[in-house]
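Worksheet for the structure shown next.
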Amino acid sequence: MSAQTDVAIRGTRSAGGPGFRQRAGGLARSAALWVIAAILLLLAGIVTVLVRGGENTATLHYESTGEDGGHAFVEVLRDHERDVTTTERYLDAAGAVDAGGTVLIYADGYALTEEAMTDLSDRARESGAHLVLIDPQYSVETWTDALLFDMLSSGDQQASTLAPGCSATVPSTAGTVTNPGIGEEYFATVSEPQDSVFCYSADPDDPAPHGMFASVPHGEGTLTVLSQEWLMNSTIHLEGHMSLTAGVLTPADPITYYYPVERDQPRADDDTSPGGNAVWLFPQWAVALLLWSVPVVVVALLVYGRRMGPLAIEPLPVVVPAAETVRGRSALLQRAGGRAEALRDLRAAALVRLGRRLALPPDTPAAEVSARAAAAAGLDPAWTEEVLLTEVPHDDPSLIRIAIDITTIESEVHPL
């Protein structure tokens with residue numbers, strides 16, 4: 001067996017490529033591992049934002065299912081086939097006001113900027129929209145000139161229930177409501193307001209029109225104030241709270257519940273149009289994706305943009321041992337599954353050597369070389385032709401057998 005054939009056979013018979021440990025080690029040393037890790041971190045961040053951002057637990061938020069949340073009354077309205085839209089976007093609320101519908105606004109404390117309140121109030125006057133404010137307190141004076149907010153008895157009242165104390169249809173139908181006893185009520189700015197309703201007063205003897213519930217004209221529409229104590233998940237089922245809420249929210253109009261967030265309201269120092277910074281109008285997962293893309297880009301730059309060091313200087317020409325070349329080519333053929341190509345090279349080299357031993361011209365056809373070799377070695381011509389020319393290897397064992405047969409034929413043919 002020649003050295004080249006032996007090397008080729010051993011290269012072909014080696015194990016099927018690098019093992020698991022070698023591949024794992026190569027992966028750990030490659031840049032792909034760090035890129036994959038960055039992608040996994042990105043996906044984990046997105047999933048975290050989506051899961052944690054599934055429910056807003058703020059007071060009276062329409063997603064909150066806690067005791068002080070506002071999910072229950074919104075779903076009750078929808079169950080009764082009321083057209084209810086919920087939003088945190090200022091531009092959506094402004095559009096609903098411009099459309100002249102019924103807009104419920106959580107106006108407690110510092111939920112809205114003064115510019116936002118003024119803008120929505122002016123839009124409602126022009127469009128005839130019905131504004132329903134939840135606990136605006138002192139900010140009600142920014143919304144309208146017809147109401148004032150005040151505290152009765154310094155908030156030392158006892159919790160109780162209150163009768164409507166007025167003849168308006170909606171409160172009369174709803175009946176009693178709970179009085180948390182904190183003494184918050186709304187007063188008319190004139191002694192005899194026109195087309196205004198004041199109900200549920202804890203001090204009915206006070207001659208000034210006042211109550212926890214107030215509804216006054218506002219342009220072509222109305223402006224109504226409600227206590228947040230009546231709309232919470234834990235209290236909406238008590239007394240006439242749900243009936244009062246459903247009656248105030250005009251049945252014929254689409255309802256928009258606007259829960260304001262600070263990030264997209266107009267401000268006095270904001271030169272942009274109402275709606276604020278456009279970045280915050282994107283959903284949370286988009287912001288998370290943007291933030292997580294920063295480290296991914298940095299890692300990619302470090303991996304693919306790093307310097308590989310100075311070029312290595314090597315004297316030329318480079319002498320590569322023949323055995324190393326054969327071994328490398330056989331490994332490539334093995335990875336590619338090129339059994340036919342490997343056997344073709346073995347047959348070609350064997351035919352050349354047989355032709356030289358038989359003193360045949362270089363242009364002698366391969367079939368004639370095979371026949372002469374069979375005659376010289378005393379072998380079956382059909383078998384010799386099959387080994388040297390026609391047989392196709394279907395797997396590694398068949399390739400090895402053919403290579404051994406080629407070596408056997410060569411060993412039986414002696415030089416002339």
Met212 and side chain to side chain contact (heavy atoms under 4.5 Å, CB included): which partner among Glu229, Glu185, Glu184?
Glu185

Is Arg401 salt-bridged to Glu391, cutoff N-O under 4.0 Å?
yes

Identify each donor-acceptor pair in which a side-chain atom of residues 192-200 lies under 3.5 Å from a protein atom, sequence neighbours left out, and give them as a table.
from	atom 1	to	atom 2	distance (Å)
Ser196	OG	Gln194	O	3.2
Tyr200	OH	Pro171	O	3.2
Tyr200	OH	Gly175	O	2.7

Salt bridge flag under 4.0 Å for residues Arg339 and Asp395:
no

Closest non-hydrogen atoms of Arg347 and Leu388, given as atom of the first, atom of the second and distance, are CD-O, 3.2 Å

Should Glu126 and Glu220 count as side-chain neighbours, where that means a heavy-atom distance under 4.5 Å?
no

Shortest non-hydrogen contact from Met117 toward Ser139:
SD-CB, 3.7 Å

Shortest non-hydrogen separation from Ile134 to Leu60 and the atoms involved
CG2-CD1, 3.6 Å

How close do Ser370 and Leu389 get, counting heavy atoms only, and between which atoms?
CB-CD1, 4.2 Å

Return yes if a side-chain donor-acceptor contact under 3.5 Å exists between Ser127 and Asp98, otherwise no.
no

Decide, yes or no, whether a salt bridge links Arg78 with Glu75 under the criterion of side-chain N to carboxylate O below 4.0 Å.
yes

How would you list all residue pairs meeting disulfide bond (SG atoms under 2.5 Å apart) that involve residues 217-268, not counting sequence neighbours?
none

Do we see a donor-acceptor contact under 3.5 Å between the side chains of His241 and Thr178?
yes

Classify the ring geometry of Phe73 against Tyr257: parallel below 30°, tilted from 30° to 60°, perpendicular beyond 60°.
tilted

Hey, does Leu223 have a side-chain heavy atom less than 4.5 Å from the side chain of Trp143?
yes

For Thr144, the option from Thr142, Val140, Leu148 that meets side chain to side chain contact (heavy atoms under 4.5 Å, CB included)
Val140

In terms of heavy-atom contacts, Leu120 and Val97 come closest through O-CG1, 3.8 Å

